[in-house]
2 protein chains.
Amino acid sequence: MIPSQMLKGTLEGCILAIISKQETYGYGIVEQLAEYGFGKIAEGTIYPLLLRLEKNKMITARYKQSEIGPKRKYYSLTFLGMEELQNFTVNYIKLSQAVSNLLDDMKGDAVDE
Amino acid sequence: MIPSQMLKGTLEGCILAIISKQETYGYGIVEQLAEYGFGKIAEGTIYPLLLRLEKNKMITARYKQSEIGPKRKYYSLTFLGMEELQNFTVNYIKLSQAVSNLLDDMKGDAVDE
DNA sequence: AGCAACTACCTTGCAATACAATATAGAATA
DNA sequence: TATTCTATATTGTATTGCAAGGTAGTTGCT
């Protein structure tokens, strides 16, 4: 799947994005990430990340009963989290464009331009 | 600029891409990255990365005189390096599409779909 | 000659983070 | 009872970008 090193920094922003769409919980985020095409992201990745985001006041949590298992810890974005998500988006697009520039240039065999 | 965590994993592939276009050297790579929109990447990032790639047989080096300064260490891709670049490209596109899926979904305020 | 600025390379140590491995536990099912 | 799925959490490790520092050649200015 996608190499872990390539996810660094990106994953955090993506989780903010997922939470911004709708209040959700760790286990559910793992499932959503897989649906979006990130592959199976380990729970040992997600839970520490969520705790970190919570500690940094990017998200807040509340427990809710589930009908099919143990109770779930649902997260929502704080204002700080929304700002951070905005920030992530801008930076991601910046990087994404830089890489596109490079890869396009490469495909074009741009030796003499 | 682009957060350092977001460059992890990506930078290595990008440097392979730059070298694949044309034999080049560390200091020149720093300049090219800036032109492509990556911002000023520290030399303390590039040189260890190049040494690592060389040790892993992704690139090979030879020294050439420069007319304007100390002699330069020019790098080219090995076959292994080309494979690795191919690999990077595939994985980058995979990630890039996953993030796009997510960000588009978010912009669309997809609460009820 | 002396000095600054640019070019060019390298090393050390640190910080951030994805993840494997492991642990815990409730609920459903066989 | 045992297993599987759901669900959260912790510990330790590996990777890697980068700040900080060092070395050295070349050029141009004074």
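Per chain, numbering begins at 1; letters A, B, ... match sequence-line order. Just so it is clear, the structure is predicted and the values come from calculations on it, not from any experiment.
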Most 5' of A:Ser66 and A:Gln5 on DNA chain D, judged by nearest nucleotide: A:Ser66

Closest non-hydrogen atom pair, A:Ile19 against A:Tyr75: CG2-O, 3.4 Å

B:Leu49 side-chain proximity, nearest of D:dT10, D:dG17, C:dT11: D:dG17

Closest listed nucleotide, where the reference is the side chain of A:Tyr27 and the choices are C:dT17, D:dT6, C:dT11: D:dT6

Separation of B:Met58 CE from B:Ile15 CD1 (nearest 0.5 Å): 13.5 Å

Nearest-Å distance for atom pair NZ/P, residues A:Lys71 and C:dT24: 17 Å

A:Tyr25 side chain reached by A:Lys64 side chain, heavy atoms, under 4.5 Å: no

B:Tyr25 vs C:dA8: side-chain N/O to OP1/OP2 distance below 4.0 Å: yes

Residue met sooner reading DNA chain C from 5', once A:Thr45 and A:Gln65 are mapped to nucleotides: A:Thr45

Touch class at under 4.0 angstrom, heavy-atom based, for A:Tyr63 against every strand present: sugar-phosphate

Touch class at under 4.0 angstrom, heavy-atom based, for A:Leu50 against every strand present: nothing

Touch class at under 4.0 angstrom, heavy-atom based, for A:Lys73 against every strand present: sugar-phosphate

Sugar-phosphate, base or nothing in reach of A:Gly28, heavy atoms under 4.0 Å: nothing

Gap between atoms NZ and P, on A:Lys64 and C:dG26 respectively (whole Å): 21 Å

Base D:dC18 paired with B:Glu43 side chain (donor-acceptor, <3.5 Å): no

Upstream residue (5' side of DNA chain C) when A:Ala42 and A:Pro70 are each assigned their closest nucleotide: A:Ala42

B:Thr45 side chain near B:Leu7 side chain, heavy-atom distance below 4.5 Å: no

Nucleotide D:dT8, atom C1' - distance to CD1 of A:Ile46 in whole Å: 13 Å

Touch class at under 4.0 angstrom, heavy-atom based, for B:Gly26 against every strand present: sugar-phosphate

Value in whole Å for how far the P atom of C:dA16 lies from CE of A:Met6: 23 Å

Atom-to-atom span, OH of A:Tyr74 to P of D:dT6 - whole angstrom: 13 Å

Residue pair A:Glu84 / A:Ile59, side-chain heavy-atom distance below 4.5 Å: no

Protein-nucleotide distance (B:Lys40, atom NZ; D:dA20, atom P), rounded to Å: 14 Å

side-chain N/O B:Arg72 vs C:dT7 OP1/OP2, d < 4.0 Å: no

Heavy-atom side-chain contact between B:Ser100 and A:Tyr36 under 4.5 Å: no

Distance, rounded to the nearest Å, where B:Leu51 contributes CG and C:dA8 contributes C1': 13 Å

Interatomic distance, B:Ile29 CD1 vs D:dC18 C1' [rounded to whole Å]: 17 Å

Nearest-neighbour nucleotide for the A:Leu7 side chain, C:dC9, C:dA18, D:dT10 considered: C:dA18

